[in-house]
Every structure is written in structure tokens, then in C-alpha cells.
Amino acid sequence: MTSAVLVHGLYHQPEHFLRVAEGLRAAGVEVAAPELHRGSLAADTAAVQAAVDALAEPPLVLGHSYGGSVITGLRGVERLVYLAAFVPDAGESAAGLGGASVQLKSAIEPQNDGSTRLDPRRAVDALYADCPGHLAAWAVGLLRDQAAGCGRGVPERQSWKHIPSAYVVCAKDRAIDPGLQHVMAARCDSVREWQTGHSPFVGRPELVIDLVLELLDASDAPGRAGRGITTTR
């Protein structure tokens with residue numbers, strides 16, 4: 001594999017993956033980072049599927065947070081990577097699995113048109129608390145309003161049952177409980193644990209870059225037996 005697709009979460013944009021995308025492209029990887037915010041999980045999944053289909057070969061696809069629900073419904077993918085992300089089974093949604101933490105929910109502000117936004121100050125604490133101040137400010141500045149209902153969407157298929165998958169637990173996450181992440185990670189073939197908050201692609205992009213390059217280079221398909229947890233500080 002020489003291609004990767006990066007799928008952002010709720011309130012985020014492809015630009016949040018800028019430093020990861022730059023590092024991967026410098027290493028010779030073709031990178032796509034499609035825009036979500038299409039109004040529903042089904043529409044978001046269709047947008048990412050179009051990006052996958054446009055590539056010359058099946059890519060590695062990384063989904064962050066809600067992006068895990070999106071990548072779960074894809075076809076034609078070589079490998080899935082769930083980064084502090086939801087891994088829904090049949091009939092499950094991100095909201096049904098536990099959804100956002102109380103801390104993240106407290107940052108959500110309803111808007112008159114039915115959408116929601118994140119209070120910038122509370123968003124820093126929930127999403128970017130372990131990031132340098134200037135990077136946290138940059139990331140918060142990119143956040144956008146979110147249409148209602150995406151987190152309640154149920155994927156049409158569960159690709160992690162058929163495609164090699166890896167999960168990264170963010171042990172200092174304040175947006176999705178790390179305990180819930182471990183439960184969902186048990187559905188994947190391999191598990192990593194990073195001592196980061198919810199958004200390592202902002203504060204520790206080298207972790208994400210190195211993981212993607214490692215998995216792109218992997219020649220042996222992982223098995224479910226004998227799986228362990230690799231911890232990175």
C-alpha cells in the first residue's frame with residue numbers, strides 16, 4: 001500500500017490532519033482527507049467511499065472519533081485504523097455506544113437552526129488539553145458547526161469484521177472515555193495505547209505518521225489470537 005485516507009470527527013475538518021498529511025506525503029504516501037459534514041452518517045460514508053474509490057489501490061483508512069463510524073461502513077479498504085474512535089457493531093451507533101463524555105457535552109452549544117457548536121474555551125479542555133497552546137488555538141479556530149443526528153447514525157456494514165484493523169486508545173482522552181475505548185478496541189485485531197489526549201494529530205502528529213507508515217509497510221496480516229497492548233508515552 002502507498003495510500004492513506006484520513007477521516008476526521010465531528011466538528012472537525014480535513015485541515016486538522018494537516019501536519020500528519022504533510023509528513024505522510026513527504027514519505028511518499030498518497031493522502032486523501034475528505035470533508036464530512038454531509039448531513040448524515042450515510043452521506044459522510046458515501047463521501048469517504050468516493051475518495052477510496054478514486055485511488056489506484058485499496059488504501060489504509062484512519063478514522064478519528066466519529067470518523068470510526070464512517071470508516072466502519074466502507075468497502076474496498078486494505079486496513080482500518082481507529083484513533084480514539086467508535087467501532088460500531090450491527091445496529092449500533094456512536095451515541096448508543098456511549099458517545100461524548102460529560103466534559104465534551106458541556107462544551108456543546110445548540111444553535112437556532114438545529115446545529116450545534118463547541119464553546120472554544122471548553123473545547124480546548126476536552127479536545128486539546130495536552131497540546132501546546134498555539135496548536136490548541138489553531139485547532140479550535142478550525143472547528144465548525146455540526147449538523148444534528150450524525151452520531152446516531154448506524155453503519156450499513158461492519159468492515160472491521162472482514163478487514164485487518166488496529167485501534168489506538170488515547171489514555172488521557174477527555175472526550176471519549178478511555179475505558180469505553182478499550183471495550184471497542186477489543187473488536188480490532190491489534191491495540192495500541194498512547195499517553196495522549198483526544199487529538200494526537202494536533203499535539204503529537206509524529207505518532208500518527210509513524211503508525212501509518214508502520215502499518216503501510218506491514219507484510220504480515222495480524223491475527224486475533226495473541227493480541228497485546230503496546231503503550232507509547
Any non-hydrogen side-chain atom of [X] less than 4.5 Å from a side-chain atom of [Y]?
X	Y	answer
P59	V52	yes
W194	V208	yes
E214	R192	yes
L74	T45	yes
Q146	H37	yes
S3	V31	no
V81	V61	no
I71	V77	no

N/O donor-acceptor pair under 3.5 Å between [X] side chain and [Y] backbone:
X	Y	value
R122	S106	yes
Q181	I176	yes
D189	A166	no
Y167	A85	yes
H12	L10	yes
S159	T72	yes
E22	R19	no

Do [X] and [Y] have side-chain N/O donor and acceptor atoms under 3.5 Å apart?
X	Y	result
E109	T116	no
S199	H16	no
D125	Q103	yes
D44	Y66	yes

Looking at [atom1] of [X] and [atom2] of [Y], how far apart are the two atoms once the value is rounded to the nearest 0.5 Å?
X	Y	atom1	atom2	value
C131	R204	SG	CZ	10.5 Å
L215	S165	CG	OG	10.5 Å
L83	H8	CG	NE2	14.0 Å
S115	R117	OG	CZ	10.0 Å
D89	L97	CG	CG	9.0 Å
D130	R174	CG	CZ	8.0 Å

Charged N-O contact under 4.0 Å between D53 and R75:
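Salt bridge absent between D53 and R75.
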Salt-bridge criterion met for R152 and E92 (N-O under 4.0 Å)
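The answer is no: the pair does not qualify as a salt bridge.
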Identify the heavy atoms of [X] and [Y] that sit nearest to each other, and give their distance.
X	Y	result
C188	Y82	SG-CD1, 3.8 Å
L142	Q13	O-NE2, 2.6 Å
A84	H198	O-CE1, 3.7 Å
L41	C150	CB-O, 4.1 Å
P34	A47	CB-O, 4.4 Å
P178	V169	O-CG1, 4.2 Å

Using the rule that Ile, Leu, Val, Met, Phe, Trp and Tyr join whenever any side-chain heavy atoms are under 4.5 Å apart, tell me whether V154 and L80 fall into a single cluster.
no
Can R144 and E35 be said to form a salt bridge (charged side-chain N to carboxylate O under 4.0 Å, His left out), step by step?
CA-CA 12 Å; R144 56 171 293 180; E35 175 81 44; 3.3 Å; yes
Step by step, would you call L60 with V212 a side-chain contact (heavy atoms from CB on, under 4.5 Å)?
CA-CA 8 Å; L60 175 151; V212 171; 4.2 Å; yes
Start with the C-alpha distance between V7 and F17, add both sets of side-chain angles, then the distance that settles side-chain contact (heavy atoms from CB on, under 4.5 Å), and finish with yes or no.
CA-CA 9 Å; V7 182; F17 281 119; 5.7 Å; no
Under 6.0 Å between ring centres: does that hold for H64 and F201?
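Centroid separation for H64 and F201: below 6.0 Å.
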Check the pair L55 / V5 against side-chain contact (heavy atoms from CB on, under 4.5 Å), numbers first and verdict last.
CA-CA 10 Å; L55 296 170; V5 178; 3.7 Å; yes
Decide yes or no on side-chain hydrogen bond (donor to acceptor under 3.5 Å, both in side chains) for E30 and T2, but give the supporting numbers first.
CA-CA 6 Å; E30 181 178 4; T2 57; 5.7 Å; no
Please lay out, stage by stage, how E193 and H182 fare under the test side-chain contact (heavy atoms from CB on, under 4.5 Å).
CA-CA 9 Å; E193 183 173 299; H182 276 290; 3.0 Å; yes
Does a sphere of radius 6.0 Å around CD in E206 hold more than 12 heavy atoms from other residues, nucleotides or ligands, not counting ones at 6.0 Å or beyond?
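Yes, CD of E206 has more than 12 neighbouring heavy atoms, counting only those of other groups under 6.0 Å.
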